[in-house]
Every structure is written in C-alpha cells, then in structure tokens.
Amino acid sequence: MVPVPYRRPRTVLTIANFNMHCGIDGWGRPFDYVSVIGSLEADVIVLEETWAAGRDGQNEQPGQAQEAARSLGYQVVAQTMGEGYRIGPRDDANEHWMPRQAFADHNKSLYFDCLRAIRPATLELPRFKESERGRFGMAVLVRPDYPIEDRRILSLPTLKRDRVRRCVIVVDLTVEGRPISVAGTHMAHLYQGSPKHYRLIGQRLKAEARPDAVLSGDMNLWGPGVRLLLPGGWHRAVRGASWPTEHPHSQIDHILVRGALQPVSGKVFGDSGSDHRPIRAEISLG
C-alpha cells in the first residue's frame with residue numbers, strides 16, 4: 001500500500017486579535033496603534049479596548065477603530081461598551097510598561113465610570129483633572145475582499161461587579177463560497193461573574209451565528225477554562241502566552257473555531273505597546 005503524502009491544509013482566512021489598551025501604555029504614553037494593527041496582516045481583526053474622544057453626545061469624534069480602518073482600508077463594525085477617562089503621560093514614567101502597583105486607583109491610565117462610580121479621592125488627582133473624557137469599546141475590522149453581509153450586536157446582561165457593558169459583535173461573510181460568521185468579544189473576569197456570560201454566548205452563537213464560525217477576543221481566562229465554560233464545540237486556534245506584554249506568562253487572548261473550520265497555524269506577536277500581545281490564526285475551510 002502506497003502511503004498518501006500529508007498535505008498541509010490551505011489557508012483561506014487569517015484572523016487576528018488585539019487588545020489595544022486604548023492606544024496607551026500603563027503610564028499613559030501613546031503608541032502607534034495603526035502601525036501595530038497593520039503589521040498583523042489579517043483578513044479580519046478583532047480589537048478590544050478601543051477609544052473615542054467625547055461622550056454624552058458632546059464633541060464626539062471618530063474613534064481609534066474607525067481611524068485604523070480608514071488608514072488601512074478595512075470595513076469596520078464598532079460598539080461602545082462604556083464611558084470613562086484616558087489619562088495623559090506621567091512625568092515619572094520609565095522604560096517599563098506600567099508603574100508599580102498599577103492596579104491601585106492612583107496609578108491607572110484608564111478609568112471607567114459607566115456602571116460604577118470612580119472614588120472621590122481619585123477625582124481630585126491633578127492628572128485625573130487633565131484627563132480626556134471618552135468612550136471605550138471594541139470593533140471588528142474586515143478587509144473589503146469579504147463584504148460584510150450582515151452584522152449584529154448581541155448584548156449581554158450587566159454583571160454586578162463589572163465596570164462596562166459586555167457584548168458580542170457578529171459579522172457574516174462568505175469565503176470561497178462558504179458562509180461563515182466571525183464573532184468578537186471582550187469578557188469580564190471570573191470574579192466579576194463571567195461564567196454566566198460564557199454559557200449565554202455559547203447558547204446565543206449556536207442560534208445567531210452560522211455553523212462555521214470564529215470567536216475571538218480577550219477572554220480574561222486561560223484556554224482550558226474557556227473550553228470548559230463555553231459550550232458549542234469550539235477549538236483553540238492559537239496557543240501561547242499573550243499577557244502581560246513585558247514578560248508574558250498567560251494566554252488570555254483567544255481565537256476559537258467551530259464547524260468545518262480548522263486551524264492551520266497560530267502566532268503570538270511581540271511587544272505591541274499595549275499590555276496584551278496580539279495573536280493571529282490561519283484558518284482553513286476543512
């Protein structure tokens with residue numbers, strides 16, 4: 001019997017994911033997020049923690065997702081998840097991504113107040129008084145080679161301990177004659193109650209996305225946990241530590257596939273300027 005040579009599946013779609021921390025590092029220093037997004041060289045890019053200046057209907061401006069899409073030639077579907085403040089660079093910033101004790105209120109470069117109030121003492125900080133008011137969200141960018149046939153926002157119930165409104169963006173495409181859906185999300189943490197959202201997303205994507213689908217996002221959970229909590233036959237397409245950017249030790253950013261879609265290869269990129277490293281997966285139609 002003559003052995004059949006192995007044939008590597010042909011890549012037909014590349015998916016990337018990037019939590020961009022609103023285009024600033026932990027000290028509030030901006031980085032060139034458009035160049036980072038362009039370097040991913042993907043057909044579809046899911047972005048978390050995008051930023052747009054202005055809020056409450058006053059002085060609202062196009063956001064970072066729209067700017068990246070315009071500059072790089074992508075279609076874009078964006079969704080606001082909350083409102084907050086982006087702090088400018090600190091005078092004592094050093095070469096590290098973030099200051100010590102960065103999760104303390106007085107050291108953050110991003111604050112969100114749409115669901116939970118910011119501490120009064122924080123409001124009195126000089127850096128906070130000079131901050132930029134704006135909107136925090138996520139987006140899905142798609143190359144024009146794949147016209148978006150339909151789009152929808154699946155809202156998720158508010159979690160008591162969360163600071164933003166969670167959702168899933170779903171876009172429908174046709175790739176080489178095969179209808180597929182790409183979904184993007186940004187999950188809460190376990191202590192905030194994310195298992196409830198995982199169960200609901202699995203149920204809703206079973207009904208509201210095509211059988212061949214991709215789910216991408218900052219899951220705030222390791223891969224085995226995602227597989228355990230998310231129903232629906234999803235498989236990981238990328239494996240590798242993506243957080244924190246300086247010395248990554250955990251993978252909390254994921255690209256998952258289901259149906260006939262099969263991962264061909266996965267990659268974790270280097271330091272991006274955000275606290276997350278971008279990831280990318282090459283997908284075949286099986």
Side-chain angles (χ1 to χ4, degrees), residues 9-20 33-52 60-81 135 137-156 167-186 201 204-218 232 234-235 237-238 253-267 278-286:
R10 183 170 64 88
T11 299
V12 297
L13 195 67
T14 54
I15 310 288
N17 192 87
F18 181 37
N19 180 322
M20 52 187 287
Y33 62 87
V34 173
S35 293
V36 174
I37 294 169
S39 72
L40 303 180
E41 298 182 336
D43 299 311
V44 181
I45 303 173
V46 178
L47 301 173
E48 299 88 44
E49 298 191 11
T50 61
W51 182 257
E60 292 188 359
Q61 302 173 24
Q64 294 172 335
Q66 290 84 356
E67 172 63 20
R70 183 193 63 79
S71 298
L72 301 170
Y74 282 84
Q75 306 164 85
V76 60
V77 180
Q79 177 67 16
T80 295
M81 296 172 61
R135 294 158 283 137
M138 59 174 298
V140 176
L141 275 55
V142 183
R143 288 196 193 279
D145 312 61
Y146 306 102
I148 296 174
E149 299 165 1
D150 196 8
R151 64 188 73 189
R152 49 206 171 276
I153 308 297
L154 310 182
S155 297
L156 299 172
C167 67
V168 183
I169 298 176
V170 183
V171 298
D172 294 334
L173 317 170
T174 295
V175 180
E176 296 198 354
R178 181 80 62 87
I180 71 167
S181 294
V182 177
T185 193
H186 186 183
I201 287 174
R204 295 194 67 179
L205 290 183
K206 185 175 181 180
E208 301 186 55
R210 292 167 169 175
D212 297 334
V214 179
L215 174 61
S216 177
D218 173 2
W234 297 92
H235 304 281
V238 180
D253 306 278
H254 299 281
I255 298 172
L256 306 121
V257 296
R258 76 175 186 197
L261 301 184
Q262 297 293 325
V264 176
S265 67
K267 176 180 179 179
I279 62 174
R280 185 183 68 194
E282 296 180 339
I283 307 296
S284 79
L285 294 180

With a 3.5 Å distance limit and no angle check, can you tell me whether [X] reaches the backbone of [Y] through a side-chain donor-acceptor pair?
X: Gln75; Y: Ile148; result: yes
X: Thr185; Y: Leu215; result: no
X: Arg280; Y: Leu40; result: yes
X: Arg151; Y: Val77; result: no

Pairing residues for [X] by the side-chain hydrogen bond (donor to acceptor under 3.5 Å, both in side chains) criterion, not counting sequence neighbours:
X: Ser39; value: none
X: Gln64; value: none
X: Ser216; value: Asn17
X: Trp234; value: none

State which residues pass side-chain contact (heavy atoms from CB on, under 4.5 Å) with [X]; sequence neighbours excluded, sorted by chain then number.
X: Lys206; answer: none
X: Arg70; answer: Glu67
X: Ser35; answer: Asp32
X: Ser181; answer: Arg152, Val170, Asp172, Ala209, Arg210, Ala213

Begin from the C-alpha positions of Met138 and Leu47 and carry the test side chain to side chain contact (heavy atoms under 4.5 Å, CB included) through to its verdict.
CA-CA 5 Å; Met138 59 174 298; Leu47 301 173; 6.0 Å; no
Applying salt bridge (Lys or Arg N to Asp or Glu O under 4.0 Å), can you list everything that pairs with Arg204, at least two apart in sequence or on another chain?
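Result, salt bridge (Lys or Arg N to Asp or Glu O under 4.0 Å) vs Arg204: Glu208.
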Side chain to side chain contact (heavy atoms under 4.5 Å, CB included) for Ile180 and Leu13? Distances and angles first, verdict last.
CA-CA 11 Å; Ile180 71 167; Leu13 195 67; 3.5 Å; yes
Looking only at side chains, do Glu282 and Thr14 share a donor and an acceptor under 3.5 Å apart?
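No pair is found: no donor N or O on one side chain lies under 3.5 Å from an acceptor on the other.
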Can you tell me which residue pairs pass the salt bridge (Lys or Arg N to Asp or Glu O under 4.0 Å) test with a partner in residues 34-48, sequence neighbours excluded?
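For residues 34-48, and leaving out neighbouring residues, the salt bridge (Lys or Arg N to Asp or Glu O under 4.0 Å) pairs sorted by first residue read Asp43-Arg143.
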Taking NZ, NE, NH1 and NH2 as the nitrogens, is one of them in Asp212 or Arg258 under 4.0 Å from a carboxylate oxygen of the other?
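Judged by the 4.0 Å cut-off on N to carboxylate O distance, Asp212 and Arg258 do not form a salt bridge.
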Show your reasoning for whether side chain to side chain contact (heavy atoms under 4.5 Å, CB included) applies to Val140 and Ile45.
CA-CA 6 Å; Val140 176; Ile45 303 173; over 6 Å; no
